[in-house]
Amino acid sequence: MEAVATDLGADSEPLALDRTLPAYGGRCITAVAPGLLAGVATELIDDAVAAARTVVLLVVDGLGWHQLHRHRSLAPSLAAASDATSPVTTVAPSTTATALTSLATGAAPGEHGLVGYRVPTSLGLLNALRWRAGGRDVRMELPPEELQPVDPFCGQPVAVVTRAEFRDSGFSAAHLRGGSMRGWREVSDIVQRVRGAVDEGFQLVFAYYDTLDKVAHEFGLGDRYRSTLATVERLAVALRSEVGDEIPLIVTADHGVVEVVEPPVMIDAEVAEFTGGWSGEARMLWLHARTGAAAELVACCERYAGFAEAAPVEQVLDERWLGRHVTEAARRRLGDVVLVPRGLQAFTMPDEDQPHHPLIGRHGGLTSEEMLVPFALM
């Protein structure tokens with residue numbers, strides 16, 4: 001794979017915009033929870049971690065391996081711990097709803113079925129993070145345990161430390177159900193909640209911090225992102241100190257981030273003519289063909305070949321972007337062609353609701369900036 005050099009301004013190394021597919025069955029986030037809960041050494045889990053009575057897993061939303069090492073002076077302890085191991089891949093798409101579900105269940109997207117941020121359903125496009133479709137909460141009409149049927153954490157009891165407002169959400173029911181939920185409101189609460197769960201004797205304590213991703217979306221990878229990364233470092237160091245040396249602390253993430261500073265590329269009228277719907281995200285956009293127009297849609301999307309891959313669904317399945325096995329339910333949620341920018345672009349649709357402020361930090365694609373995340377034993 002060849003990295004594409006891109007001007008970074010203040011940063012000192014080129015962006016890694018090579019095509020990186022998930023390493024299912026190897027060094028992938030799908031191996032994390034099953035490995036930690038099995039208590040057996042694996043490619044990811046060494047003997048000491050496997051033998052530990054309790055392990056703390058800190059999941060930092062948006063902490064890409066490349067971004068961490070590019071700013072290692074702001075997170076020296078995290079970067080040093082990450083140096084000791086190779087990065088792991090996230091899943092495709094490299095987006096929060098899909099990747100967090102794979103982290104918690106150990107299942108590839110083709111198995112758990114949350115194949116993107118926006119998933120087509122009988123009620124319209126489901127925003128998986130908010131569990132809303134048609135502008136309303138649809139937890140009753142689309143039960144999370146039916147749309148995502150894989151048991152989180154192999155069905156074992158796990159302590160989950162997450163934002164207080166996430167505790168009862170539809171997405172939490174989809175990917176964290178069965179966990180012993182402990183809500184936090186301030187960063188310092190995370191340390192206290194983790195300490196309490198460790199004292200209770202849980203085998204795995206799953207802690208989630210989402211602010212880095214939020215900051216990247218709104219402000220990009222500049223000063224505010226760097227300040228928040230320094231907060232992540234302090235959180236990791238505080239957790240390491242609080243839980244004691246005998247408790248392994250592992251830091252990983254759901255995906256990395258790239259900056260998209262140009263306006264999104266609008267799907268043009270000719271492509272839209274063959275399109276009956278869409279789903280996914282700006283950096284992995286699924287187009288669903290009108291009845292009988294799949295071949296025309298695929299051919300028409302070749303106009304984006306200068307900066308994006310236009311992959312027919314058959315290619316996605318053959319190359320196992322979503323894993324070795326894709327259920328019938330997951331297959332029905334896929335479109336006929338997916339558009340994946342190779343550089344720093346994003347796509348949008350004419351009927352897509354636009355955010356109140358431009359999203360600068362983006363993810364979902366297959367560049368190693370988005371796909372590689374740390375798996376760091378602190």
Side-chain angles (χ1 to χ4, degrees), residues 1-18 20 23 27-29 32 44 46 49 56-90 94 96 99 103 187 190-191 194 207-243 245 248-261 344 360-363 365 367-378:
M1 296 181 296
E2 180 181 357
V4 179
T6 303
D7 183 13
L8 293 173
D11 292 320
S12 58
E13 60 181 83
L15 291 179
L17 300 180
D18 48 300
T20 301
R27 296 187 64 81
C28 181
I29 62 171
V32 174
L44 282 183
D46 65 22
V49 173
V56 175
L57 180 68
L58 174 61
V59 179
V60 181
D61 201 318
L63 181 64
W65 186 87
H66 286 289
Q67 293 94 66
L68 171 60
H69 286 269
R70 192 169 290 124
H71 302 299
R72 62 182 307 121
S73 64
L74 300 172
S77 298
L78 265 174
S82 181
D83 286 341
T85 61
S86 301
V88 299
T89 74
T90 185
S94 54
T96 300
L103 254 174
V187 177
I190 299 175
V191 179
V194 168
Y208 173 64
Y209 179 74
D210 64 320
T211 307
L212 190 69
D213 184 64
K214 287 182 176 181
V215 169
H217 278 310
E218 186 170 358
F219 301 105
L221 304 179
D223 289 345
R224 295 202 188 198
Y225 176 89
R226 290 189 283 267
S227 175
T228 308
L229 180 57
T231 298
V232 172
E233 165 81 356
R234 291 192 293 272
L235 170 61
V237 169
L239 283 170
R240 175 67 285 158
S241 174
E242 181 65 28
V243 301
D245 293 340
L249 168 64
I250 295 170
V251 182
T252 191
D254 52 349
H255 57 73
V257 181
V258 293
E259 279 193 340
V260 176
V261 295
L344 302 178
I360 301 173
R362 299 268 194 170
H363 49 81
T367 71
S368 62
E369 293 282 333
E370 298 157 280
M371 290 294 297
L372 295 184
V373 298
F375 186 78
L377 177 61
M378 294 286 289

Inset, instruction - List the atom of Ser94, the atom of His363, and the distance in Å for their closest heavy-atom pair. - result: O-ND1, 3.0 Å
Inset, instruction - Output the distance between atom CG (Leu212) and atom CG (Leu68), rounded to the nearest 0.5 Å. - result: 10.0 Å
Inset, instruction - Could you tell me the separation between the CZ atom of Arg70 and the CZ atom of Arg226, rounded to the nearest 0.5 Å? - result: 11.5 Å
Inset, instruction - Would you kindly say whether Arg224 and Ser227 are connected by a side-chain donor-acceptor distance under 3.5 Å? - result: no
Legend entry - Check: Val373 and Leu63 side chains under 4.5 Å, non-hydrogen atoms: no
Inset, instruction - Look at the side chain of Glu370 and the backbone N and O of Gly365, then say whether any donor-acceptor pair between them is shorter than 3.5 Å. - result: yes
Legend entry - From Tyr225 atom OH to Leu74 atom CG, the distance as rounded to the nearest 0.5 Å: 9.5 Å
Inset, instruction - With the side chain counted from C-beta on, respond yes when Thr85 and Leu377 share a heavy-atom pair under 4.5 Å apart, and no when they do not. - result: no
Legend entry - Any donor-acceptor N/O pair, Arg240 side chain to Met378 backbone, under 3.5 Å: yes
Legend entry - Side-chain donor or acceptor of Ser368 paired with backbone N/O of Ala16 under 3.5 Å: yes
Legend entry - Interatomic spacing from CG in Leu344 to CD in Glu369 - rounded to 0.5 Å: 8.5 Å
Inset, instruction - Kindly give the heavy-atom pair with the smallest separation between Ala207 and Val194, and that separation in Å. - result: CB-CG2, 3.9 Å
Legend entry - Student check: side-chain heavy atoms of Asp83 and Arg72 closer than 4.5 Å: yes
Inset, instruction - Return the minimal non-hydrogen interatomic distance between Ile29 and Ala253, and the atom names on each side. - result: CG2-O, 3.8 Å
Inset, instruction - Look up atom CD1 in Ile190 and atom CG in Leu239, then write down how far apart they are to the nearest 0.5 Å. - result: 7.5 Å
Legend entry - NZ-OH distance between Lys214 and Tyr209, expressed to the nearest 0.5 angstrom: 9.5 Å
Inset, instruction - Could you tell me whether a side-chain N or O of Thr89 sits under 3.5 Å from a main-chain N or O of Ala23, the two making a donor and an acceptor? - result: yes
Inset, instruction - Write down the atom of Leu221, the atom of His71, and the distance for their closest heavy-atom approach. - result: O-NE2, 4.4 Å
Inset, instruction - In sequence, state the C-alpha distance, the side-chain angles, and the governing distance for Thr211 and Thr231, and then conclude on side-chain contact (heavy atoms from CB on, under 4.5 Å). - result: CA-CA 10 Å; Thr211 307; Thr231 298; over 6 Å; no
Legend entry - Minimum-distance pair of heavy atoms, taken over all atoms of Ala236 and Val251: CB-CG2, 4.5 Å
Legend entry - Side chain proximity check, Leu235 to Leu58, heavy atoms < 4.5 angstrom: yes
Inset, instruction - Look at the side chain of Glu233 and the backbone N and O of Leu78, then say whether any donor-acceptor pair between them is shorter than 3.5 Å. - result: yes
Inset, instruction - Would you confirm whether Gln67, through its side chain, and Gly256, through its main-chain N or O, come within 3.5 Å as a donor-acceptor pair? - result: no
Legend entry - Val49 versus Asp46, closest heavy-atom pair with distance: N-OD1, 2.8 Å
Legend entry - Thr252 side chain to Val59 backbone, donor-acceptor under 3.5 Å: no
Legend entry - Side-chain (Asp210) to main-chain (Val60) donor-acceptor, under 3.5 angstrom: no
